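These notes concern the structure reproduced below.
Numbering starts at 1 and runs along the sequence shown. Keep in mind the model is a prediction, meaning the values are calculated, not measured.
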Amino acid sequence: AGEQVTGADLLARGDAADYPAPFELAKKITLNVAAATTIHRPYNVVAVIEGSDPVLKNEYITIESHLDGAVGTRTVEGDDIYNSADDNASGSAANLVIAEMMVTVKPRRSLIFIWDSGEEQGLWGTRHFVGNPPVPLDRIVAHVNIDMIGANRAPGSPDADQSRVTGPNEVRLIGPGVLSAKVNALLDTVNGAYQKMTFDRSWDAPESEFFYPRTDAGPFLEPGILTIGFTTGIHDRYHLPADEAEALDPVKMEKIARTIFASIWALADSAERPAIDKPIPATVPRYGR
């Protein structure tokens, strides 16, 4: 009572998959929840490509996409299979092909590729990685998050009327505008010289839940690691059985993957260490400093 959304409304909207934006309660409350304990042992898949420079190989860029999908219990229009094609098979596939290409170019800095589990349960995989890093966190100079890159708000497409989905030749870029003027400029230069995509920066803002805390970039940003996210946005198939491969745009996915590949290559080969050069917003708790 007295909050932005009532408890009853939250429950109803949850059942309808009509999730409101996060908000802070105006008062402290106490909840007593009966819960059973279930042990899950999901896996992260991690691969390292050592850099070619004898000094810079001791600095790392992490490139991550979550393997798990949001599996529900509801049957929707006779379909009870939660395919998770866009969220996040699309990002996982891009991550794999980028890793395959990076083996051939061997950039100066080392790269750590992560396919994490448990994102949909509360960012379990990336929180585990950051809490138990294979290299010191201060050697990770940047983190790239690839999550949902298959949608296209093009005329005649399944997402033609989806306002939160990017249009043709457009991808959302999240993080560098808030965190690093130099990295932001570098990514613009790389994009302008190669795929020439349009960067939608509407979620590259401190108040955006997709900047923090809603994605796997969050656990990396908390200890002060530069984060860069790529996504085509949220559509009505999100977390539903309808998230199927036939609704994705493979041509756009390839163009985004090429853009991310070139961006990582430029960051990994840069003579200057990529870094946060702006104040980290107060909305980000500084865990693990």
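The existence of a salt bridge linking Asp159 and Arg237 is confirmed by a sub-4.0 Å separation between a basic side-chain nitrogen and an acidic carboxylate oxygen. A salt bridge links Glu272 to Lys182: at least one charged side-chain nitrogen sits closer than 4.0 Å to a carboxylate oxygen.
Although no hydrogens or angles enter the test, the distance criterion places a donor-acceptor pair under 3.5 Å between the side chain of Arg109 and the main chain of Leu267. Judged by distance alone, the side chain of Asp243 and the main-chain N or O of Asn83 form no donor-acceptor pair under 3.5 Å. In this structure, Asn145 contributes its side chain and Thr215 its backbone to no donor-acceptor pair below 3.5 Å. The closest donor-acceptor contact from the side chain of Asp68 to the backbone of Glu120 lies under 3.5 Å. A side-chain donor-acceptor contact under 3.5 Å links Ser92 to the backbone of His66. A donor-acceptor contact shorter than 3.5 Å links the side chain of Ser263 to the backbone of Thr259. Glu170 places a side-chain N or O within 3.5 Å of a backbone atom of Gly167 that can act as its donor or acceptor partner. Panel note: side chain Thr232, backbone Met148; a donor-acceptor pair is recorded below 3.5 Å. Between the side chain of Arg108 and the backbone N or O of Asp53 there is no donor-acceptor pair closer than 3.5 Å. A donor-acceptor pair under 3.5 Å is formed between the side chain of Ser110 and the backbone N or O of Gly51.
One distance of note links CG of Asp9 with CG of Asp18; it measures 8.5 Å at 0.5 Å rounding. Atoms CZ and CG, from Arg13 and Asp15 in turn, are 12.5 Å apart once rounded to the nearest 0.5 Å. Annotation: the span from Arg258 atom CZ to Met253 atom CE amounts to 13.0 Å, rounded to 0.5 Å. If you take CD1 on Ile140 and OG1 on Thr227, they are separated by 12.5 Å, rounding to the nearest 0.5 Å. With rounding to the nearest 0.5 angstrom, the CZ atom of Phe230 is 12.5 Å from the CG atom of Asp200. For the atom pair CG of Asp216 and CH2 of Trp124, the computed distance is 13.0 Å after rounding to the nearest 0.5 Å.
When every heavy atom of Val178 is checked against every heavy atom of Pro281, the shortest pair comes out as CG1-CG, 3.6 Å. When every heavy atom of Pro219 is checked against every heavy atom of Thr126, the shortest pair comes out as CG-OG1, 3.6 Å. A pairwise comparison of heavy atoms in Ala70 and Ser84 identifies N-OG, 3.8 Å as the closest pair. Across all their heavy atoms, Pro155 and Ala160 have their closest contact at CA-CB, 4.3 Å. Pairing each heavy atom of Asp277 with each of Ala181, the nearest pair is OD1-N, 2.8 Å. Of all heavy-atom pairs spanning Ile49 and Ala99, the tightest one is CD1-O, 3.7 Å.
The number of heavy-atom neighbours closer than 6.0 Å to NZ of Lys106, taken from other residues, nucleotides and ligands shown, is above 12. Heavy-atom neighbours of Arg214 CZ from other residues, nucleotides or ligands within 6.0 Å: above the threshold of 12. Around the CH2 atom of Trp203, the shell of radius 6.0 Å holds more than 12 heavy atoms that belong to other residues, nucleotides or ligands. Heavy atoms from other residues, nucleotides or ligands lying under 6.0 Å from OH of Tyr19 number more than 12.
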Point to revise | Step-by-step side chain to side chain contact (heavy atoms under 4.5 Å, CB included) determination, Asn184 to Arg201 | key: CA-CA 11 Å; Asn184 197 43; Arg201 299 178 181 274; 2.6 Å; yes

Practice item. Decide side chain to side chain contact (heavy atoms under 4.5 Å, CB included) for Val171 and Thr231; before the verdict, give the C-alpha distance in whole Å, the side-chain angles of both, and the deciding distance to 0.1 Å. Key: CA-CA 6 Å; Val171 63; Thr231 184; 5.9 Å; no

Exercise for review: Would you check, one step at a time, whether the test side-chain hydrogen bond (donor to acceptor under 3.5 Å, both in side chains) holds for Arg127 with Asn132?
Suggested key: CA-CA 8 Å; Arg127 289 213 176 277; Asn132 305 270; over 6 Å; no

Exercise for review: Please test Asp86 against His235 for side-chain hydrogen bond (donor to acceptor under 3.5 Å, both in side chains), starting from the C-alpha separation and ending with a verdict.
Suggested key: CA-CA 10 Å; Asp86 195 22; His235 42 68; 2.8 Å; yes

Exercise for review: Dump the intermediate steps for side-chain hydrogen bond (donor to acceptor under 3.5 Å, both in side chains) on Asp236 and Gln162, then the final yes or no.
Suggested key: CA-CA 8 Å; Asp236 287 348; Gln162 299 293 302; 3.1 Å; yes

Check your understanding: Would Leu111 and Ile63 satisfy side chain to side chain contact (heavy atoms under 4.5 Å, CB included), going step by step from the backbone distance to the final call?
Key -> CA-CA 7 Å; Leu111 305 176; Ile63 306 98; 4.0 Å; yes

Practice item. Take Val165 and Ile234, measure what side chain to side chain contact (heavy atoms under 4.5 Å, CB included) needs, and give me the verdict at the end. Key: CA-CA 6 Å; Val165 168; Ile234 305 293; over 6 Å; no

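With contacts defined as side-chain heavy-atom distances shorter than 4.5 Å, the pair Thr62/Val144 does not qualify. Two residues are said to be in side-chain contact when any heavy atoms from C-beta on lie closer than 4.5 Å; Leu137 and Pro223 meet this criterion. You'll find the side chain of Ile29 reaches within 4.5 Å of the side chain of Leu25, heavy atoms only. With a 4.5 Å cut-off on side-chain heavy atoms, His239 and Asp87 count as touching. You'll find the side chain of Leu67 stays beyond 4.5 Å of the side chain of Asp116, heavy atoms only. The closest side-chain heavy-atom distance from Val141 to Leu226 is not below 4.5 Å. Contact annotation: the side chain of Phe113 approaches that of Ile98 to within less than 4.5 Å [non-hydrogen atoms, C-beta and beyond]. The side-chain heavy atoms of Tyr212 and Glu222, taken from C-beta on, include a pair separated by under 4.5 Å.
Leu10 and Val33 end up in the same hydrophobic cluster when Ile, Leu, Val, Met, Phe, Trp and Tyr side chains are linked at under 4.5 Å. At a threshold of 4.5 Å between side-chain heavy atoms, the hydrophobic network of Ile, Leu, Val, Met, Phe, Trp and Tyr places Leu56 and Ile112 in two separate groups. No continuous path of ILVMFWY side-chain contacts below 4.5 Å connects Val251 to Met101, so the two sit in separate hydrophobic clusters. One hydrophobic cluster, built from ILVMFWY side chains closer than 4.5 Å, holds both Val103 and Phe261. A continuous path of ILVMFWY side-chain contacts below 4.5 Å connects Val190 to Ile149, so both sit in one hydrophobic cluster.
The only option from Arg172, Arg153, Lys252 that meets the side chain to side chain donor-acceptor pair (under 3.5 Å) definition with Thr166 turns out to be Lys252. For the side-chain contact (heavy atoms from CB on, under 4.5 Å) with Phe199, the lone residue among Leu173, Ile174, Asp204 that qualifies is Leu173.
Phe220 and His143 have parallel rings, their planes meeting at less than 30° on a 0 to 90° scale where 60° marks the start of perpendicular.
Side-chain contact of Asn169 with Lys255: a donor-acceptor pair under 3.5 Å is present, judged by distance alone.
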